[in-house]
Protein chains: 2
Amino acid sequence: MDRFLSNTVSRIDAKGRVSVPAHFRAVVQKRGYSELYALRCLDLPAMDVGGLDLLDRYEQRIALEDPFLQTADDMSFFCHGDGAFLKLDQDGRITMSDFIREHTGVSSEVAFVGRGNFFQIWEPGRLAAYGAQARARLLQLRQGTKPGERPE
Amino acid sequence: MDRFLSNTVSRIDAKGRVSVPAHFRAVVQKRGYSELYALRCLDLPAMDVGGLDLLDRYEQRIALEDPFLQTADDMSFFCHGDGAFLKLDQDGRITMSDFIREHTGVSSEVAFVGRGNFFQIWEPGRLAAYGAQARARLLQLRQGTKPGERPE
DNA sequence: CCTATTCCCGTTGACGCCCATAGTGCCCCA
DNA sequence: TGGGGCACTATGGGCGTCAACGGGAATAGG
């Protein structure tokens, strides 16, 4: 298995550490990620976490823009300024920095959510709420609303 | 890692010194910067800080202007005459000069923001405000493009 | 001579490294 | 088929190292 799938909730210990689920670590290793890149989601209280290829993708995208226009600057501001590297310690744990806590609202527990090529970090309660919304949107789609729009 | 990433806030001590984040110092060393050059951003209350290659970026921009126009001259004046070298002391700290304070509005705390090939210095409050604007612009961009797509 | 900078040292707290323990699933064997 | 034991994960905690930070002393420059 080489994709991030399923989701788990882990407890944060007194030192602010949390174990990355074993099956996620296995994927990380299989993909050869030596470092984890975490990015604050644009419109969600979650972090996207993946390998350096995640960052590369953004940088390639930025390269397509005129470097002196606002858009390029905004993009860099987002993926560099709102991104960070996560260090896995020897026991496969990461520490929940304020950088992550501020954006996600995480305090005592963390939800890890597989998203295929990357995974996400959520505050469990918010994840549940968002999941419910997402399901509702999909249901509505099926009922015949025109597909492809993103109701916010 | 060889890119300036993430953002942190540091306190300025009574002597006006502030620690450059250890991670940034590591990048500086890895890139072989012997000196740090700080430029006032053209349109933002922030400083761009990096190696001397930082100037390349600005000079490219100047080259795009008509050399007979006032703009080119203004730009040259700005980037060549309005920059300053930052000295790292033995503990990896820099001093917040009035030159920096005037332009950024920094007083008691400084935010360091990674921007890939360089980093920025902000007054934390202003950074938050600008960051929110940048995010809003990017969101708008996304809604203008094809719906439902997310970079993986 | 006075002030601003630089050097150096000590303290504190955060973080990484390592080990211990408990809970769980799995496998082998009786 | 049930029990014992192995393997592994999640989690807690001790401890050493290093970064952040404050402050005294030396130095330079006006």
Side-chain angles (χ1 to χ4, degrees), chain A residues 1 4-30 33-38 47 49 84-102 106-114 119-124 127, chain B residues 1 4-31 33-38 49 84-102 106-114 119 121-124:
Chain A
M1 181 52 58
F4 297 102
L5 293 175
S6 179
N7 67 83
T8 333
V9 175
S10 304
R11 224 191 336 279
I12 302 179
D13 71 14
K15 288 176 161 184
R17 299 170 301 185
V18 64
S19 293
V20 174
H23 47 287
F24 281 12
R25 297 206 303 267
V27 177
V28 165
Q29 196 171 15
K30 180 158 281 179
Y33 295 155
S34 55
E35 286 184 284
L36 288 179
Y37 169 70
M47 309 288 302
V49 184
F85 289 119
L86 297 184
K87 266 176 292 187
L88 278 172
D89 73 10
Q90 289 186 325
D91 297 328
R93 290 183 279 199
I94 55 176
T95 63
M96 286 310 206
S97 58
D98 290 342
F99 181 77
I100 297 178
R101 294 178 192 261
E102 272 172 26
V106 158
S107 61
S108 65
E109 289 193 319
V110 189
F112 291 88
V113 184
F119 64 89
Q120 289 182 326
I121 289 177
W122 284 80
E123 192 284 315
L127 172 62
Chain B
M1 188 38 51
F4 295 102
L5 216 59
S6 181
N7 66 81
T8 15
V9 175
S10 305
R11 235 192 329 282
I12 302 179
D13 70 13
K15 291 181 176 179
R17 298 171 302 186
V18 67
S19 293
V20 175
H23 177 247
F24 283 10
R25 298 206 304 268
V27 176
V28 165
Q29 196 171 13
K30 181 159 279 179
R31 290 187 165 232
Y33 295 155
S34 53
E35 293 185 286
L36 285 179
Y37 196 64
V49 185
F85 289 102
L86 297 184
K87 269 171 292 186
L88 280 172
D89 73 9
Q90 289 186 328
D91 295 330
R93 291 183 277 199
I94 56 176
T95 309
M96 282 305 180
S97 59
D98 290 342
F99 177 76
I100 296 178
R101 293 177 192 263
E102 269 173 29
V106 158
S107 61
S108 66
E109 290 193 319
V110 190
F112 291 87
V113 184
F119 64 91
I121 289 177
W122 284 79
E123 192 284 316

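In this text the structure is predicted, and so the values were computed from the model without any measurement. Naming: A, B, ... by sequence-line order, numbering from 1 per chain.
Along DNA chain D, the nucleotide nearest to R17(B) and the one nearest to H23(B) differ in position, and the one closer to the 5' end is contacted by H23(B). Nearer to the 5' terminus of DNA chain D, by closest-nucleotide assignment, is the contact made by R93(A) (compared with the other of A22(B) and R93(A)).
Using a 4.0 Å cut-off between charged side-chain N and carboxylate O, R93(A) and D91(A) make a salt bridge.
Considering only side-chain atoms of D13(A), the nucleotide from dG22(D), dT6(C), dG12(D) that sits closest is dG12(D).
When the P atom of dA20(D) is taken as reference, atom CZ of F112(B) falls 10 Å away, rounded to whole Å. When rounded to the nearest whole Å, the span between CD of Q29(A) and C1' of dT9(D) equals 15 Å. Distance L88(B) CG to dC7(C) C1': 15 Å, rounded to the nearest Å. Taking atom CZ of F24(B) as the reference point, atom P of dA20(D) lies 11 Å away to the nearest angstrom. Rounded to whole Å, the distance from CD1 on I94(A) to P on dC17(C) is 15 Å. With rounding to whole Å, F85(A) atom CZ is found 15 Å from dG16(C) atom P.
Within the nucleic acid shown, S19(B) comes within 4.0 Å of sugar-phosphate atoms alone, with no base atom in reach, counting heavy atoms only. The residue D89(B) sits apart from the nucleic acid: no heavy atom pair falls under 4.0 Å. No engagement by V9(A) is indicated, since no non-hydrogen atom pair under 4.0 Å with the nucleic acid exists.
Distances shown here put every side-chain N or O of Q90(A) at or beyond 4.0 Å from the OP1 or OP2 atom of dC17(C). For the pair K87(A) and dC15(C), the criterion of a side-chain N or O lying under 4.0 Å from OP1 or OP2 is not met.
With hydrogens and angles left out, the side chain of D91(B) and the base of dC9(C) share a donor-acceptor pair within 3.5 Å. The base of dG12(D) does not come close enough to the side chain of R11(A) for any donor and acceptor atom to sit less than 3.5 Å apart. For dT11(D), its base never sits under 3.5 Å from the side chain of K15(A) at any donor and acceptor pair.
Side-chain contact between V28(A) and F4(A) is present, with at least one heavy-atom pair separated by less than 4.5 Å.
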Between L86(A) and I100(A), is a side chain to side chain contact (heavy atoms under 4.5 Å, CB included) present by the stated rule, with each step listed? CA-CA 10 Å; L86(A) 297 184; I100(A) 297 178; 3.9 Å; yes
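Between E109(A) and the choices V9(A), I12(A), V18(A), the side-chain contact (heavy atoms from CB on, under 4.5 Å) rule is met once, by V9(A). With I94(B) as the partner, the side-chain contact (heavy atoms from CB on, under 4.5 Å) test is satisfied by one option alone out of D89(B), V49(B), I121(B): I121(B).
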